[in-house]
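Here's the structure we're looking at; comments come further down.
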Amino acid sequence: MDDSQNKFIRLIKALDAGLHTLEKIILSWSILVITAMTAGNVVYRTITGQSWHFAAEISRLAIIVATFMGISYAARKGRHISMSAFFDLSPKRLKKVLAIVNPLITASILFIMSYYALLYTHSVFVSGRTTAALEFPFWVMVVALPVGMFLGGLQFIRNSWVNIKYDEVYLAQEKKDYDEQ
Amino acid sequence: MAWTMLAIMVFLLILGLPMMIPLIVGPLVILVFFMEGLDPTIMVQQMVEGISSYVLLAVPLFIFAADIMTTGRTSKRLLDFVGAFVGHMRGGYAITTAAACTLFGSISGSTQATVVAIGKPMRERLLKAGYKDSSAIALIINSSDVALLIPPSIGMIIYALVTGTSVGDLFIAGIGPGVLIFLFFAVYSWFYAKIHNIPLADRMPWKERGRVTLGALLPLGFPVIIIYGIYGGIFTPTEAAGVSVLYALLLEVFIWKTIRMPDLPKVALSSGIVTSAVFVLVAAGQAFSWVISFARIPRQMTDAVLGTDPTALYILFIVALFFFIGCMFVDPIVVILILTPIFYPIAFEAGIDPVHLGVVITFQAALGSATPPFGVDIFTASAVFNKSYLDVIRGTPPFIVMLLIVGLLVILFEEISLFLLWIF
Amino acid sequence: ACGNDNNGNDGENLDADDVSGDDVDAVEWRMVTEETEGQVQMVYAEEFADTLYDLSDGQIELDVYGFGELGSEVDQVEQLSTNIIEFAVISPGFTGTLVPEGNLFALQFLFPDDLRQAQDILNESEAINTTLREKYEEHSITPLAFWTEGAMQWTGSSPLQTPEDFDGFQMRTQESPLILRSYEAYDANPTAMSWGELYTGLQQGQVEGQENPLFFIEDANFNEVQDYLTISNHNMYVTMTTVNTEFYNGLDDATRAIVDEAVEQMRDRAFEIQEEQNEGALERIEEATDTPTEVYELTEEEREMFRELAAPVRDFYRENEGDDAAEILDTLMEEMDEMME
Ligand code: NA
Ligand code: NA
């Protein structure tokens, strides 16, 4: 392996590690923010009689971000829900094929949807629409969709790649098939 | 068009692709191949819409509260308390689980939140007591359904708006079928424990019970705060979920110091991943429902099935079937909004009591979200317990049989839902 | 209007436009409303569809979708402006984030107390039908008619008769800053709550009151969980018959004439539909003795007290609700003065 290729792989690995950390931060802080908004509003209202009019909107932003930025993280950990009956009962050879093909199909669908999501985000951006309570630009609310689905697609390609590279069946980058655990 | 879509979805489903893929590809196929000129970005808009409901926020919050409680001491103390009083009874834990799910569901109004909040701690205790995991999970998922039937029920409020029926009457009418389901589950649990020889704990002496109760005093604040907070008008069910997290933090972080503040994001991360896995499906389900209602698929199918001049009983069975199938894919509230206007006038014409129809519809909506192949409660359980799909549904058949029997009884005997109304 | 023209185009209800279906291609269009079967907007939309059908000799078929079929109200606005659907009944309350000037109709005690007079202003005002319409057209939404679904009324768990009754009162409103401001002007505590939670919220007391037209109050069963209803007429619920701008401008003259004629024919019907529904709803609320509701109508003096407190909110509107807000409001007030003379 020549030097430049090595560098490239190291760069990818560093990027991936950075992304992994970022995903973790986003997911956990979204939940903390929702908690702070919902519970904070109750406490504030009990004390002052007034409500936080931004609470619902911030929570909504957080849940959208968590849902779509979570696609990629859940893909790493093999936590996406699937109807695995047929897969679980398949012989190892077929499992291996499915473990390579399925993530590729998933990735392509996610890429297509992230393209549409990008178009959608752009149209929202152009419309100048704002949110109801805080009146911040609405595209901020939806930009997690194109980004999240694109990153999710990349992660599924990786899930396919580990199955090509290694002999065992991997449900995800970080999760072997139940039979192999 | 509808059949092509369904065939593709089922095929992708069987291949074992993540559940979100068939839910996305089905409607995408319709948009791209059958409704040319229609902009597929509409699906993105609807995915955002699907997870924008304020009421749904209770789900991640209860997940988080449950994660904190199971990481710390709260849930163990609560379960010790339960065990001290029911551990020596046959089927005691299972019956308690069913009761707790029913009660919690009625308070929170969310079947998914119930799966998390009650299911997560109770499952561990059921396993310890000797129950099979598949049975424990099935019991939890199916008991949580009853949430939709016992007041306050959002499903019934929406049905009332669409049809002009009284919410108060619906709330009362939901109690009979809800209790009936609980009774079925309780009797089943008793027999299950007997047949499987689930070992009974010794009856705990009162002194010991007193000790356990004392230890559970602070955790018992949970139900008190939630029930008092909601019925006392201090906060909404969604806010109750937020307050649950606060209270869990108070106990675990500040009083018992079982969780350190810097570890909190780690606990939140595990709640976040579950939330994401479930909400992606809620989002895709909404896009799916938009496309099929835009294409008028539900109306075409109901027209085809109902024919001319159907009998009341036939209508009720068709209603049951459509809501049952609809709620496998889509949020019950959306299904009620879409399908009720189609069926209501026909049912009304045939002389079906609107309150009774509302109960049948809500019942099927509840049932649909817990039965395979799709179902939000199954998804939630799979994500929360980190079990494969097959493991989650393995134990469900007996419960589905019971629910189908109760469903049949409710359809055949409107007295089950209406008798309380006649009394009052 | 659409009832008596079964015998073709020679019905006397057609005016000089003399629209006819002869030159119209067969088309299928879609219209979406914010309400469910039987409610004002749906009845309107279905009759509008019949009118189009009759005027075009069956060439124009309009398929009507109710609330919930195509997503939220805000989604529907977006779907209209991107021409996924051609027609919609849209309320300015749901377009505030796009056309803030439309929040005009949320101002309380601005229009005349008499609903018929208020509707006449909606029909004739230049400020509304030209200036405001153009603001919508910037987003590809053409309002063909502004019409009321009835006056807004208050319900409460306690009587709401004077501004003092609002002191610290937990009022459920929509999330719009202007509406929040309006209730803060009475010293109430406005609380945003999704309407899925509203029935139980009222029942259990997380919020104490809400505002809506009578037909909606009765349909959503809020009277079951509220003890007091105030006929406050504090503003009117305004909605719009809208069409996608590019679609509308692209229609050939004959077809567009039919659309315009149908809109005109529906103007009086819209007023009748809401009148029937709101009157019927009030009767049913009064007759529901197992969930009694005390009905109170504000006196002129009480209205005056509210009007005084509500007036400064107009400045909030002028300053915060878009570039043309001040111009629209000022022109409208001049127009109203002229018309009321
Ligand atoms: Na409930
Ligand atoms: Na009442």
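Here is how names work: the chains are called A, B, and so on, in the same order as the sequence lines, proteins then strands, and each is numbered from 1.
- Here the closest heavy-atom approach between residue C/Leu70 and residue B/Gln46 is recorded as O-NE2, 3.7 Å.
- Of the two parts of B/Thr340, neither the backbone nor the side chain holds a non-hydrogen atom closer than 4.5 Å to a non-hydrogen atom of chain C.
- Residues of residues 292-300 of chain B that come closer than 4.5 Å to chain C, counting heavy atoms only, are B/Ser293, B/Phe294, B/Arg296, B/Arg299, ordered by residue number.
- For the options B/Ser52, B/Ser166, B/Pro345, B/Ala160, heavy-atom pairs under 4.5 Å to chain C are most numerous at B/Ser166.
- Remark: the C/Ser72 side chain and the B/Glu49 side chain contain an N/O donor-acceptor pair separated by less than 3.5 Å.
- Atom CG of residue B/Asp169 and atom CG of residue C/Asp290 lie 7.5 Å apart, to the nearest 0.5 angstrom.
- Remark: C/Asn83 CG to B/Asp39 CG distance equals 10.5 Å, nearest 0.5 Å.
- The candidate with the highest count of non-hydrogen atom pairs below 4.5 Å against chain B, out of C/Glu35, C/Glu37, C/Glu69, C/Met193, is C/Glu69.
- Surrounding CZ of C/Phe247 are more than 12 heavy atoms belonging to other residues, nucleotides or ligands, all under 6.0 Å away.
- Atom CD of B/Glu349 is surrounded by 12 or fewer heavy atoms from other residues, nucleotides or ligands within 6.0 Å.
- Both the backbone and the side chain of C/Phe67 have a heavy atom closer than 4.5 Å to some heavy atom of chain B.
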Quick one: side chains of residues 196-204 of chain C, donor-acceptor pairs under 3.5 Å with protein atoms, not counting sequence neighbours, listed by atom name and distance.
| residue | atom | partner | partner atom | Å |
| --- | --- | --- | --- | --- |
| C/Glu197 | OE2 | B/Thr238 | OG1 | 3.0 |
| C/Tyr199 | OH | C/Glu224 | OE1 | 2.7 |

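- With chain B as partner, the option from C/Ile85, C/Val64, C/Val74 having the largest number of non-hydrogen pairs under 4.5 angstrom is C/Val64.
- When heavy atoms are compared at a cutoff of 4.5 Å, B/Gln286 approaches chain C solely by way of its side chain, counted from C-beta outward.
- Contact annotation for C/Asn221: only side-chain heavy atoms (C-beta onward) come within less than 4.5 Å of a heavy atom of chain B.
- Heavy-atom neighbours of B/Tyr228 OH from other residues, nucleotides or ligands within 6.0 Å: at or below the threshold of 12.
- Closest of all the heavy-atom pairs between C/Ile84 and B/Trp290 is CG2-CH2, 3.7 Å.
- Nearest heavy-atom pair across B/Thr236 and C/Gln206 is N-CG, 3.7 Å.
- Residue contact with chain C, scored on non-hydrogen atoms closer than 4.5 Å, is absent for B/Tyr344.
- Heavy-atom distances place the side chain of B/Met35, and not its backbone, under 4.5 Å from chain C.
- In plain terms, the two heavy atoms of C/Thr36 and B/Leu337 that are nearest each other are CG2-CD2, 4.4 Å.
- In this structure, the portion of B/Ile157 lying under 4.5 Å from any heavy atom of chain C is its side chain and not its backbone.
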